[in-house]
Amino acid sequence: MSSWKVRLDSLGDVSYEFLDTRRNTGREVLRPEFLRDLAKKGELIEEEMHIVGPEGKGRYTDTFLIISLSDKRGGFMMLMENYLVGVRIVGIRGKVDISEKLVDLLQDTVRYSKNINVNIIIPKGYKI
């Protein structure tokens with residue numbers, strides 16, 4: 001499977017690799033209201049990102065954000081891209097079975113986890 005490569009300026013030359021999930025997640029979109037609620041539970045971090053898609057081409061980085069969730073069971077990160085009416089999951093990093101519904105996994109983790117740590121990395125100037 002192919003992967004997205006994301007480099008954050010604060011990490012220097014280190015980059016994260018996200019497994020490409022566009023084939024699995026398709027057109028499942030999270031509404032902006034969900035992101036606003038999620039942002040209230042966690043921390044927003046503004047960061048310059050450099051993204052290379054699975055095709056090996058650089059991407060316009062102002063349309064991407066990263067959601068990092070962790071609780072007592074572990075954690076995972078999701079690479080999200082702005083879509084017509086919200087954001088969609090395009091990549092995932094962590095011990096997650098990508099054959100399950102990732103949008104449901106994200107929503108269930110946020111709803112039912114008592115002690116959840118949420119970080120949302122957004123490009124500078126991005127508004128949630």
Side-chain angles (χ1 to χ4, degrees):
M1 261 195 158
S2 54
S3 62
W4 295 82
K5 291 178 182 46
V6 178
R7 186 173 52 81
L8 303 174
D9 278 354
S10 64
L11 296 178
D13 290 338
V14 178
S15 65
Y16 290 122
E17 285 198 23
F18 291 84
L19 192 60
D20 185 16
T21 60
R22 291 176 295 176
R23 184 170 283 163
N24 296 35
T25 53
R27 298 190 200 283
E28 294 179 14
V29 177
L30 291 166
R31 309 294 279 171
E33 297 83 22
F34 179 78
L35 277 181
R36 281 188 213 108
D37 291 342
L38 190 60
K40 290 176 187 172
K41 291 185 176 192
E43 179 182 358
L44 281 177
I45 302 166
E46 285 191 358
E47 184 82 49
E48 286 292 325
M49 290 186 259
H50 305 281
I51 298 174
V52 176
E55 305 84 19
K57 297 179 184 173
R59 293 295 187 108
Y60 185 66
T61 58
D62 289 349
T63 61
F64 289 88
L65 60 115
I66 298 172
I67 296 177
S68 172
L69 295 173
S70 61
D71 61 8
K72 63 183 177 208
R73 297 173 291 166
F76 59 91
M77 296 172 76
M78 292 185 169
L79 179 64
M80 314 287 271
E81 181 181 27
N82 272 340
Y83 200 58
L84 299 173
V85 292
V87 293
R88 67 182 181 142
I89 301 169
V90 295
I92 192 150
R93 182 173 194 268
K95 295 182 179 179
V96 176
D97 181 10
I98 64 165
S99 65
E100 65 181 295
K101 291 197 165 259
L102 296 175
V103 171
D104 292 343
L105 171 69
L106 176 61
Q107 291 174 336
D108 290 346
T109 303
V110 170
R111 278 189 202 125
Y112 303 120
S113 292
K114 301 250 188 261
N115 297 323
I116 189 168
N117 187 11
V118 178
N119 291 317
I120 302 175
I121 303 170
I122 57 175
K124 292 186 178 185
Y126 189 92
K127 302 260 190 262
I128 289 188

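For the single chain, residues carry numbers from 1 onward in sequence order.
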Not counting sequence neighbours, which residues clear side chain to side chain donor-acceptor pair (under 3.5 Å) with [X]? List them please.
{"X": "R93", "result": "none"}
{"X": "E17", "result": "S3"}
{"X": "D62", "result": "Y60"}
{"X": "E46", "result": "none"}

Among L44, I116, I67, which residue meets the side-chain contact (heavy atoms from CB on, under 4.5 Å) test with L38? I67
4.5 Å side-chain heavy-atom contact, [X] and [Y]:
{"X": "D20", "Y": "S2", "result": "yes"}
{"X": "V87", "Y": "F34", "result": "no"}
{"X": "L35", "Y": "L30", "result": "no"}

Are there over 12 heavy-atom neighbours, none belonging to D104, within less than 6.0 Å of that residue's CG? yes
Over 12 foreign heavy atoms within 6.0 Å of OH, Y16: no
Listed once per pair and sorted, the side chain to side chain donor-acceptor pair (under 3.5 Å) pairs that draw on residues 118-128, sequence neighbours left out: N82-Y126
Exercise: identify the closest heavy-atom pair between S10 and E47: N-OE2, 2.8 Å
What's the shortest heavy-atom distance between P32 and V85, and which atoms? CD-O, 3.4 Å
Does V90 offer a backbone N or O that forms a donor-acceptor pair with the side chain of W4 under 3.5 Å? yes
Can you give me every donor-acceptor pair (side chain of residues 50-57, partner residue at least two apart or in another chain, under 3.5 Å) with its distance?
unit_1: H50; atom_1: NE2; unit_2: D9; atom_2: OD1; d: 2.9
unit_1: E55; atom_1: OE1; unit_2: R59; atom_2: NH2; d: 3.1
unit_1: E55; atom_1: OE2; unit_2: R22; atom_2: NH2; d: 3.1

Ring pair (Phe, Tyr, Trp, His ring centres under 6.0 Å) partners of F18, counting only residues at least two apart: none
Kindly compute the distance separating [atom1] ([X]) from [atom2] ([Y]), expressed to the nearest 0.5 Å.
{"X": "L65", "Y": "I120", "atom1": "CG", "atom2": "CD1", "value": "7.0 Å"}
{"X": "E43", "Y": "N117", "atom1": "CD", "atom2": "CG", "value": "8.5 Å"}
{"X": "L106", "Y": "M78", "atom1": "CG", "atom2": "CE", "value": "5.0 Å"}
{"X": "T63", "Y": "M49", "atom1": "OG1", "atom2": "CE", "value": "9.0 Å"}

What residues form a salt bridge (charged side-chain N to carboxylate O under 4.0 Å, His left out) with E28, not counting sequence neighbours? K101
